[in-house]
Amino acid sequence: MKRMLSGIKPTGQLHLGNYIGALRHFVEYQDEYEMFAFIANLHCITVPQDPKELSDNLRDCVALYLACGLDPDRANIFLQTDVRAHAQLGYIMCCHTYMGELNRMTQFKDKMAHGEKNLSGGLYTYPSLMAADILLYDPDYVPVGEDQKQHVELTRDLAIRMNNRYGELFKVPEPLVAKVGARIMSLSDPSKKMSKSDETNKGCIYLLDDLKKARKKVMSAVTDNYANVHFDPENQPGISNLMQILSSLSEDRPMGDIEQEFAGKGYGEFKRSVADAVCAKLEEIQAKYKQVLESGAINDALSRGAAKANEYADAKLAKVQSAIGMEIIR
Ligand code: ATP
Ligand code: LTN
């Protein structure tokens with residue numbers, strides 16, 4: 001069975017972009033692949049966090065993994081810090097990453113370009129840690145949204161570099177980016193991706209948003225004057241984004257189908273259908289989320305996931321350290 005690994009960094013509440021771009025694929029793939037899905041809490045602290053909020057977000061992230069359908073009987077779900085080899089291999093990967101490579105990573109470059117002050121060293125070296133997260137498990141595929149593709153490509157380069165230098169250590173993984181929904185845009189500004197760091201809070205639908213609030217966000221989504229439900233991300237980015245959301249939430253319904261249904265109809269009617277689909281999905285997820293919190297399933301899932309993950313990760317770390325010559329042969 002081929003293996004798959006991915007993670008989410010809950011620096012805030014999970015949103016519809018995370019669900020459509022990443023989480024729903026973890027769920028879809030858990031039967032077909034040996035799945036490792038983790039919560040990247042080391043990555044969270046690359047930017048300042050309020051301790052209580054972070055801890056709540058981590059709990060909610062696991063609860064949402066389970067509520068969205070990840071099943072501890074079929075997938076290994078774990079917290080990054082429960083597997084210490086991530087930090088250890090992360091340091092080793094950092095020592096094999098060139099500063100030129102880190103300088104080219106768009107996430108860091110964007111933050112620099114925005115003039116953000118006091119960016120941490122951890123944020124700068126984060127792609128090396130992400131490479132370790134992946135390479136510890138020799139996955140075949142890494143399902144991610146569009147924004148993370150560059151990091152998986154760096155991971156591939158690092159794997160090849162180390163394999164060449166020390167002999168075969170790592171499988172070289174492939175990023176898996178879906179054709180539809182890999183970049184859900186902000187509802188209030190469709191030129192930006194839907195993101196937890198949305199300051200206005202109008203463009204981002206959180207999975208735990210109150211349904212009325214979520215509906216309102218969809219109904220006030222920025223569109224255009226074409227009065228035509230047509231898939232054209234370049235000229236009609238707002239409408240095309242809503243179409244991607246609707247398609248992703250209705251079993252990847254083809255865009256042509258959606259265009260046909262709404263031909264000659266107003267944007268109001270179209271938005272109502274999108275809002276219905278979003279609210280139905282949120283309602284389903286939120287009901288399960290409540291059950292998960294009440295059931296104690298979180299601790300059980302995390303301890304089982306960590307036990308399995310540690311087995312793989314410890315063996316890989318030992319192999320790497322030995323290949324590099326970091327051990328004393330006694
Ligand atoms: P954010 O910008 O909201 O902080 P992020 O990409 O930095 O998000 P994560 O929350 O860890 O960090 O993202 C988890 C997964 O969700 C990744 O695979 C990422 O590519 C995907 N993802 C994030 N935002 C979107 C989006 N707007 N559309 C599609 N996929 C997304
Ligand atoms: N960097 C990712 C989260 C992440 C991840 C990973 C994703 C950390 N380690 C390993 C896939 C594989 C993000 O910010 N979305």
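Every number for a ligand or one of its atoms is a count from 1 in the order of the listing. Remember, it's a predicted structure, so these values are computed and weren't measured experimentally.
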Review point. Among protein heavy atoms, which sits nearest to atom 24 (N) of ligand 1, and what does the distance come to when rounded to 0.1 Å?
Key: Lys193 NZ, 3.2 Å

Exercise for review: Could you tell me whether Asp157 and Arg161 have a side-chain N and a carboxylate O separated by less than 4.0 Å?
Suggested key: no

Practice item. State whether the shortest distance between N or O atoms of Pro143 and N or O atoms of ligand 1 falls below 3.5 angstrom. Key: no

Point to revise | N/O separation below 3.5 Å, His151 to ligand 2 | key: no

Exercise for review: Would you please say whether a donor-acceptor pair under 3.5 Å links the side chains of Ser240 and Asp232?
Suggested key: no

**Study point:** Residue from Tyr65, Tyr312, Tyr137 passing ring-ring contact (aromatic ring centres under 6.0 Å, His included) with Phe78
**Key:** Tyr137

Check your understanding: To the nearest 0.1 Å, how far is atom 13 (O) of ligand 1 from its closest protein heavy atom, and which atom is that?
Key -> Asn18 ND2, 3.4 Å

Review point. Can you tell me which residue and heavy atom of the protein come closest to atom 15 (C) of ligand 1, and the distance to 0.1 Å?
Key: Ala22 CB, 3.6 Å

Review point. In terms of side-chain heavy atoms, does Gln49 have a donor or acceptor partner in Thr11 at a distance below 3.5 Å?
Key: no

Review point. Would you say Ile8 touches ligand 1, if touching means a heavy atom closer than 4.0 Å?
Key: yes

Point to revise | SB check Asp314 Arg84 (cutoff 4.0 Å) | key: no

Study note, to complete from the structure: the protein heavy atom lying closest to atom 31 (C) of ligand 1 turns out to be Gly17 O, 3.5 Å

Point to revise | atom 27 (N) of ligand 1 - nearest protein heavy atom and its distance | key: Ile184 O, 2.8 Å

Exercise for review: Assess the side chains of Asp60 and Tyr289: does a donor N or O sit below 3.5 Å from an acceptor N or O?
Suggested key: yes

**Study point:** Asp147 bridged to Arg183 by N-O distance under 4.0 Å
**Key:** no

Practice item. Measure the distances from the heavy atoms of Ser6 to every atom of ligand 1 and state whether one is below 4.0 angstrom. Key: no

Exercise for review: Classify the contact between Ile134 and ligand 2 as side chain, backbone, both or neither, using a heavy-atom distance cut-off of under 4.0 Å.
Suggested key: side chain

Review point. Does Thr11, backbone or side chain, put an N or O under 3.5 Å from an N or O of ligand 1?
Key: no

Review point. Could you give the distance from CG (Leu317) to NE2 (His86), rounded to the nearest 0.5 Å?
Key: 10.5 Å

Review point. If you measure from each non-hydrogen atom of Lys196 to ligand 1, which part falls under 4.0 Å: side chain, backbone, both or neither?
Key: both

**Study point:** Carboxylate-amine/guanidinium contact Asp276 Arg215, below 4.0 Å
**Key:** yes

Exercise for review: Give the residue and atom name of whichever protein heavy atom lies nearest to atom 11 (O) of ligand 1, and the separation in Å to one decimal.
Suggested key: Lys9 N, 2.7 Å

Review point. Does an N or O from Ser6, backbone or side chain, lie closer than 3.5 Å to an N or O of ligand 2?
Key: no

Point to revise | Region of Val152 engaging ligand 2 - heavy atom pairs below 4.0 Å | key: neither

Check your understanding: Do ligand 1 and Asp147 have nitrogen or oxygen atoms that lie under 3.5 Å from each other?
Key -> yes

Practice item. Run the contact test for Gln107 against ligand 1 with a 4.0 Å cut-off on heavy atoms, strictly below, and give the result. Key: yes

Review point. So, is Gly145 polar-close to ligand 1, with some N/O to N/O distance under 3.5 Å?
Key: yes

**Study point:** Connected via hydrophobic side-chain network under 4.5 Å: Phe38 and Leu54
**Key:** no

Check your understanding: Is the shortest distance from a Lys or Arg side-chain nitrogen in Glu284 or Lys288 to a carboxylate oxygen in the other one below 4.0 Å?
Key -> yes

Exercise for review: Check whether any N or O atom of Gln107, backbone or side chain, sits under 3.5 Å from an N or O atom of ligand 2, and answer yes or no.
Suggested key: no

Exercise for review: Under 4.0 Å, heavy atoms only, figure out whether ligand 2 is touched by the backbone of Tyr137, its side chain, both or neither.
Suggested key: neither

